[in-house]
Structures are given as C-alpha cells and as structure tokens.
Amino acid sequence: MIEPRTLKGFRDLLPAQALARERILDIARRVYQSYGFAPIDTPALEYLEILTGKGSDETDKQLYRFVDHGGRSVGLRFDLTVPFARFAAQHVAEIGLPFKRYHMAPVWRGENTQRGRYREFMQCDFDTIGTTSAVSDLETVLVVHDLLVAIGIEKFSVCVNDRRVLTGVLEQLGISDCATAVLRSLDKLAKVPAEQIRAELIAIGVSDSKASRLLEMAGLRGDSHEVLSLLEGFVGTSEIGLAGLAGLRGIVSGSVAAGVPEGRVLIDPSIARGLDYYTGIVIESFLEELPAIGSICSGGRYDNLAGLYTKESLPGVGASLGLDRLLAALEELERIETTTTPAEVFIVYFDSNRLEDYIRIASAIRAAGMNVELYPEPKRVGQQLKYADRKGFRIAIVAGANEFETGTVQIKHLASQSNLIVDWHGDMHILTDAVHSALQADQHGHHL
RNA sequence: GUGGCUGUAGCUCAGUUGGUUAGAGCAUCGGUUUGUGGUACCGAGGGUCGCGGGUUCGAGCCCCGUCAGUCACCCCA
C-alpha cells in the first residue's frame, strides 16, 4: 500500500472549505468586474529566466524550479505580478492602455509554512496598468474596501500610505541612503515593540534623535486629516514628499465621495511593504478581530511593471487578496458555513414506484434556478432525512403514496423540523413557487 | 533556510516510575419489525501508537534520524 499523503504546505480542501473558497472567488469576481477589471489567465509554469529576472535572493530561494523533459529550465510562478508583467510586455499591442485585469490563480513558494501560510496558495490580483492617474489609486483602495464588505467582514480597516511620503521624510532627515533597511524596520511597527525598532534603526546607523523622529512619524494614527497635517511637518519642503501627501489627500476625499464609512480607510505612515518596486501608494488591510494573521489584501503603485521584458514603460497600481490566508482567518473566527453541499433542496426517494415523479419534480425545481439533490436509493425516510440534515440542505421534499393520491407534497425545513403541506395537484409552477418561498423564509445569517 | 514545541482511531484526547491482547467521547455505518431525521438504546468498522533505526529481557512511553504540524526569525498573501 502507498500511504496517502500530501506534501508539506500543500493541502486538500474538503467540501466545506472548498465551498467557502468558491463563494469568495465568486464575490471577488463580481467586485472586480463591477469596476471593469477583465479576467486573464497565464500558465503556471514559466521559463525560469522570466521568474528570476526580478532577481531578489528571497524569491530565488523560494522558487520551485526544474528542468523539463525538453531540457528547458522552468519554474512555477511564485506570484501573479511577474507573469502579468511578462503578459503585458508580450501583449500590449493587443490589450490597449490603460488596461485593467484581474487574475485569480494558485501560486507556489517553497518557504516554511505557518498558520495561514502554505506552499501552494491562491491569490486574487487586480491591477490597472498604463496610467499614473490618481483615480486608479483611489479605485484600488475602493475595490479592496468593497471586496471585504462584499465578503461580509464588518470589522476591518484598509490602511494606506504613500512611499513618496516616506521617501520625503528620509530625504529631510538626510538618511535616504539606507532607505530600504529603515523602511523594513518601520514596517514592523505593528508587530514589534517600538524600542526594539529603535535599536534596529540605530544598528543600521541612524542617530538616536533621527530614530525618535522616525518612530514618532510612523506612530501617527487617528483621524486622517490630522495625521496628514502632522505629516506635513515631517515632509517639510521635500517635493516628492509633498506629492505623496497630495496623493493621500485624494484617497481620503475620494473615499468620502464614494460613500466609504469614516474610519474604514486609515492613514498608517508605518506601512512600507517589503517589495522594493512600490513607488507610490501602498495598501494593506487587516481584520480587526484577528490582526495577527497579517494583511489580507495588499498592494500599491509601481512605476514600471514590465521593465525587464519591454522598453515600453508600464506604470500601474493594484492589489492582491490572499484568499487562503483569509480563509484560515475566517475559519478561526468560525465564520465559515459548515454546509457540505451546494444544494439547498433535498428530495426524499420515498416510494420506489414514483421514481419518475421525483425526477420530474427535481428537474422542475432546477429549471426554476435552485440546486436540488434526489437521494439515489429508496432507503428509510429517517435515514435520508438524517443525511440531508447533516449535509446542510435547507429544505426536504417528502412525498409518498399518500401525498401523490391527494395531490400534495410535504416541504420540511430541516433546521426547524417544521412541516408545510402544499396542494399542487400536479401543477409544477405551484410547487416550484412554494419551494422558492420556503427557501426565502429560511435565510440564514452572515456566514460564508 | 535556522531555532523552540508537538505527533496515540476521521476529530478531541486518556494511557500511572518503560511491563502482558492500546482505551474513551464525538463522528461514520448498520440495527431497535421496514411513512419521517438532529434525543435514547444495541452493534460494527476503523490504530503495526507519524515513519525508520537504536537502547532494553521488554517501548506509545528513553535516544538518534526523518516526515508532518505549530510558533519565532526572515519574508510575505
């Protein structure tokens, strides 16, 4: 016997989880499309040179790579951005600019696993390329917001910052040369005590007073307008810094115009994000009930997406939903529906002489747009109902010889065990309407 | 990749200082004379104690390795 098992960081999804994942994918698709983002797809496998072009050691180490049967060096994509860059460079002429796409697909990273972190996981990216417009920056924030709302999360915050502000502040302090290290430290402020970060900054070579200044800046929180005016003091006369502040002001006022409730979009000057290609706005989002799991949806603006693959300059802005991390979080918060069936209507195979009637009823209900399962064997009614209840069907249709004689049918709410008799006398419209309204009466709460 | 913790039935765990055929609850399946489920009762299946080696007369309990999970670093979704 071969032991059935899966690789470290790779998992199977059972129906409850797979259904939850699909529901989120549906929601993401709907939200992305509502802003005009179009779907694309790219291969899982790319030429190695495409993936290593970016060249950071970190991604290099995490890359799944091998030589294929034709002797080509290939690798599995570790994000959706690099393949998109290649895609954009290859197809600019066909897609036209500006171009808005979304891409929801698995990616692979050979790094160590942790809660909500796997070696195979799904990302749901959306990006707008070919424009530097602040409108696209705002739209990116709004999409992140709408997405989390649509998923049904009430308690979350979308934190935004602008790299240009940080650049401006460092410029004013005269420490632009060690920007990467400084920003990496500041970025940890939410997780690590300030004193530890001060120590790190000093180790990098920042003076004590400048470290204090940086910590003060990165620690600013609260009302967006106040934070922005306080940031002015740190940015001083730096042109790039002022441009960043103007950008953030646009996000704040635009969010209000779009009807985003106050407090949902926050300015967080500590956010830098690791990727060094971000040049403008940066976005992260956190669940208030589980901030420790990290950012659920993040992104930002970059100057030049595809510089490695084309001479054409393609600026863009976008973000990515970490689907599997979100699912891990929702599961921990017990916000995942435990249903293991996608169908809401169950038909008991009661009278073995009436199989074709059951089939007829099932088809009619399906034609009316509902999901129906007919039990495959004429087993004991009790057993069938137990099965239906366990799986999470919402209603069951019970009809045996007596019902067929009187032209009725029982509609059972499985959760409440209540029973409804419907007189339909063979009129499918009456029956499907009754089933439909029975389902309406049985709406459940906000689970996924 | 580095370090800490963990690993007994599908799940949650019990298993005394190493000592005979490894247990419970829940879940699954079947039954309680076949037209009605989440309760009750009866019964069944399911574990070479993650895997491999070592110490010992004897190991689920001790040692080493390995695989997997988890936490921290790192990085990120």
Side-chain angles (χ1 to χ4, degrees), chain A residues 1 3-12 14 24 28 56-62 78-81 104-125 144 180 184-185 187-188 191-192 196 200 271-276 278 282-287 292-300 318-329 332 338 340 346 348-352 354 375 378-393 395-405 410-419 421:
Chain A
M1 284 277 256
E3 193 195 340
R5 57 190 187 139
T6 48
L7 287 163
K8 182 185 176 76
F10 289 72
R11 32 221 187 108
D12 291 326
L14 272 62
I24 293 178
S56 103
D57 310 345
E58 209 49 58
T59 52
D60 255 34
K61 266 195 293 187
Q62 298 179 353
F78 55 86
D79 69 10
L80 298 177
T81 307
M104 307 193 291
V107 302
W108 296 268
R109 292 183 198 174
E111 67 178 331
N112 242 340
T113 55
Q114 238 179 79
R115 180 176 60 166
R117 277 172 82 160
Y118 313 100
R119 288 184 171 173
E120 177 183 59
F121 59 98
M122 268 244 202
Q123 289 194 322
C124 307
D125 277 34
V144 171
T180 310
R184 186 171 296 159
S185 276
D187 196 46
K188 290 189 284 196
K191 284 182 86 176
V192 175
Q196 192 178 324
E200 280 184 33
I271 291 178
R273 302 198 45 70
L275 296 171
D276 26 305
Y278 287 122
V282 283
I283 306 166
E284 293 196 338
S285 49
F286 298 93
L287 304 181
I293 202 146
S295 178
I296 248 38
C297 190
S298 0
S320 177
L321 172 70
L323 181 53
D324 292 281
R325 176 176 286 187
L326 174 62
L327 278 172
E332 200 166 320
T338 51
T340 59
F346 180 82
V348 175
Y349 186 175
F350 197 154
D351 184 338
S352 53
R354 294 293 194 155
Y375 198 77
K379 279 215 243 177
R380 279 175 34 207
V381 175
Q383 266 180 56
Q384 295 191 41
L385 289 173
K386 192 171 170 184
Y387 166 90
D389 187 47
R390 293 263 158 88
K391 291 256 157 151
F393 286 91
I395 63 175
I397 294 178
V398 185
N402 298 346
E403 282 79 6
F404 282 113
E405 241 170 66
Q410 291 179 48
I411 296 180
K412 246 183 202 307
H413 279 89
L414 286 159
S416 63
Q417 290 202 89
S418 60
N419 228 342
I421 309 281

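Residue numbers begin at 1 in each chain, while the letters A, B, ... track the order of the sequences.
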Novice: Should I397(A) and Q410(A) count as side-chain neighbours, where that means a heavy-atom distance under 4.5 Å?
Specialist: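 A side-chain contact under 4.5 Å is absent here.
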Novice: Compare all side-chain heavy atoms of F78(A) with those of W108(A) and state whether any distance is below 4.5 angstrom.
Specialist: no
Novice: How far does the C1' atom of G58(B) sit from the matching atom of C5(B), given to the nearest Å?
Specialist: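 Taking atom C1' in both G58(B) and C5(B), they lie 30 Å apart.
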Novice: Apply side chain to side chain donor-acceptor pair (under 3.5 Å) to the pair S185(A) and E200(A), showing each step before the final yes or no.
Specialist: CA-CA 7 Å; S185(A) 276; E200(A) 280 184 33; 2.6 Å; yes
Novice: Can you confirm whether or not the ring centre of F346(A) sits under 6.0 Å from the ring centre of F393(A)?
Specialist: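 When the ring centroids of F346(A) and F393(A) are compared, they turn out to be within the sub-6.0 Å range.
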Novice: Just call it for S416(A): base, sugar-phosphate, or nothing, with non-hydrogen atoms closer than 4.0 Å on any strand.
Specialist: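 Touches a base.
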Novice: Would you mind reading off the distance between Y387(A) atom OH and A27(B) atom P, rounded to a whole angstrom?
Specialist: 18 Å
Novice: Just the table, please: protein N/O against nucleotides 2-9 of chain B N/O, every pair under 3.5 Å.
Specialist:
unit_1: U2(B); atom_1: O4; unit_2: N112(A); atom_2: ND2; d: 2.8

Novice: Assign G9(A) to base, sugar-phosphate, or nothing according to its heavy-atom contacts below 4.0 angstrom with the strands shown.
Specialist: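 Since only primed, P, OP1 and OP2 atoms lie under 4.0 Å of G9(A), the category is sugar-phosphate.
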Novice: Could you check how far CD of E111(A) sits from P of A77(B), rounded to whole Å?
Specialist: 10 Å
Novice: Return whichever of E200(A) or C297(A) has its heavy-atom-nearest nucleotide of RNA chain B closer to the 5' end.
Specialist: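 That would be E200(A).
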Novice: Would you indicate what R115(A) reaches in the nucleic acid, counting non-hydrogen atoms under 4.0 angstrom: base, sugar-phosphate, or nothing?
Specialist: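 The answer is sugar-phosphate, as R115(A) gets under 4.0 Å only of primed atoms, P, OP1 or OP2.
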Novice: Taking only N and O in the side chain of R390(A), is any of them less than 4.0 Å away from OP1 or OP2 of G37(B)?
Specialist: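 For G37(B), neither OP1 nor OP2 has a side-chain N or O of R390(A) closer than 4.0 Å.
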Novice: Over how many whole Å does the gap from I271(A) atom CD1 to A77(B) atom P extend?
Specialist: 12 Å
Novice: Considering only atom C1', compute the distance from U32(B) to A68(B) and round it to an integer number of Å.
Specialist: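 It works out to 43 Å between them.
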Novice: Minimum heavy-atom separation for A399(A) to F350(A), with atom names?
Specialist: O-CB, 3.5 Å
Novice: Could you give the distance separating C57(B) and C64(B) at their C1' atoms, to the nearest angstrom?
Specialist: 23 Å
Novice: For I395(A) and G38(B), give me the distance from atom CD1 to atom C1', rounded to whole Å.
Specialist: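 Atom-to-atom, I395(A) to G38(B), this comes out as 18 Å.
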Novice: Is the phosphate of U70(B), meaning OP1 or OP2, less than 4.0 Å from a side-chain N or O of T113(A)?
Specialist: yes
Novice: Quickly work out the L14(A) CG to G10(B) C1' distance and round it to whole Å.
Specialist: 10 Å
Novice: Would you give the length of the straight line joining atom CD of E120(A) to atom OG1 of T113(A), rounded to the nearest 0.5 angstrom?
Specialist: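 If I round to the nearest 0.5 Å, the distance is 13.5 Å.
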Novice: What's the gap between G46(B) and G3(B) when it is taken at their P atoms, as a whole Å value?
Specialist: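 Approximately 41 Å lies between the P atom of G46(B) and that of G3(B).
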Novice: Any idea which heavy atoms bring A388(A) and L414(A) closest together, and the distance?
Specialist: CB-CD1, 3.9 Å
Novice: At their closest point, which heavy atom of G299(A) faces which heavy atom of R273(A), and how far apart are they?
Specialist: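 Shortest heavy-atom separation between G299(A) and R273(A) comes out as O-CD, 3.6 Å.
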Novice: Starting at CZ of R11(A) and ending at C1' of C67(B), how long is that distance when rounded to a whole Å?
Specialist: 19 Å
Novice: What string of B, S and - do you get for nucleotides 30-36 of chain B, 5' to 3', if B is base contact, S is sugar-phosphate-only contact and - is no contact with any protein heavy atom under 4.0 Å?
Specialist: SS--SBB
Novice: Please determine whether a side-chain nitrogen or oxygen atom of K188(A) lies at a distance below 4.0 Å from atom OP1 or OP2 of C74(B).
Specialist: yes
Novice: If you pin E284(A) and A388(A) to their nearest nucleotides in RNA chain B, which one's is more 5'?
Specialist: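 The answer here is A388(A).
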Novice: When the P atoms of C67(B) and U56(B) are considered, how many whole Å apart are they?
Specialist: 27 Å
Novice: Hey, is E111(A) close enough to R117(A) for a salt bridge, meaning N to O under 4.0 Å?
Specialist: yes
Novice: Over all strands shown, is G116(A) touching base, sugar-phosphate only, or nothing at heavy-atom distances under 4.0 angstrom?
Specialist: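 Base, at least one base atom sits under 4.0 Å.
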Novice: Does a side-chain N or O of R184(A) approach OP1 or OP2 of C75(B) to a distance below 4.0 Å, or not?
Specialist: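 So the side-chain polar atoms of R184(A) do come within 4.0 Å of the phosphate oxygens OP1 or OP2 of C75(B), strictly under.
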Novice: Of the non-hydrogen atoms in V144(A) and C297(A), which two are nearest, and what is the gap between them?
Specialist: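 Scanning both residues, the minimum pair turns out to be CG2-SG, 3.8 Å.
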Novice: Scan R109(A) against the nucleic acid and name what it touches under 4.0 Å (heavy atoms): base, sugar-phosphate only, or nothing.
Specialist: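 Base, at least one base heavy atom under 4.0 Å.
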Novice: Search all heavy atoms of F10(A) against all heavy atoms of R119(A) and return the closest pair with its distance.
Specialist: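 Heavy-atom minimum between the residues: CE1-CB, 3.6 Å.
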Novice: In whole angstroms, how far is the P atom of C75(B) from the CZ atom of R273(A)?
Specialist: 13 Å
Novice: Given atom CG of D389(A) and atom C1' of G38(B), what is their separation to the nearest angstrom?
Specialist: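 Rounded to the whole Å, the gap is 5 Å.
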Novice: If you look at every strand shown and take non-hydrogen atoms under 4.0 Å, does Y118(A) touch a base, only sugar-phosphate, or nothing?
Specialist: base
Novice: If I pick the C1' atom on G65(B) and the same atom on G47(B), what distance separates them, to the nearest angstrom?
Specialist: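 Those two atoms are separated by 24 Å.
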Novice: Just by distance, do the side chain of D187(A) and the backbone of A272(A) share a donor-acceptor pair under 3.5 Å?
Specialist: yes
Novice: What's the gap between U70(B) and G31(B) when it is taken at their P atoms, as a whole Å value?
Specialist: 40 Å
Novice: Taking the same atom, P, in G7(B) and in C51(B), what whole-Å distance lies between them?
Specialist: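 Going atom to atom, P in each nucleotide, I get 13 Å.
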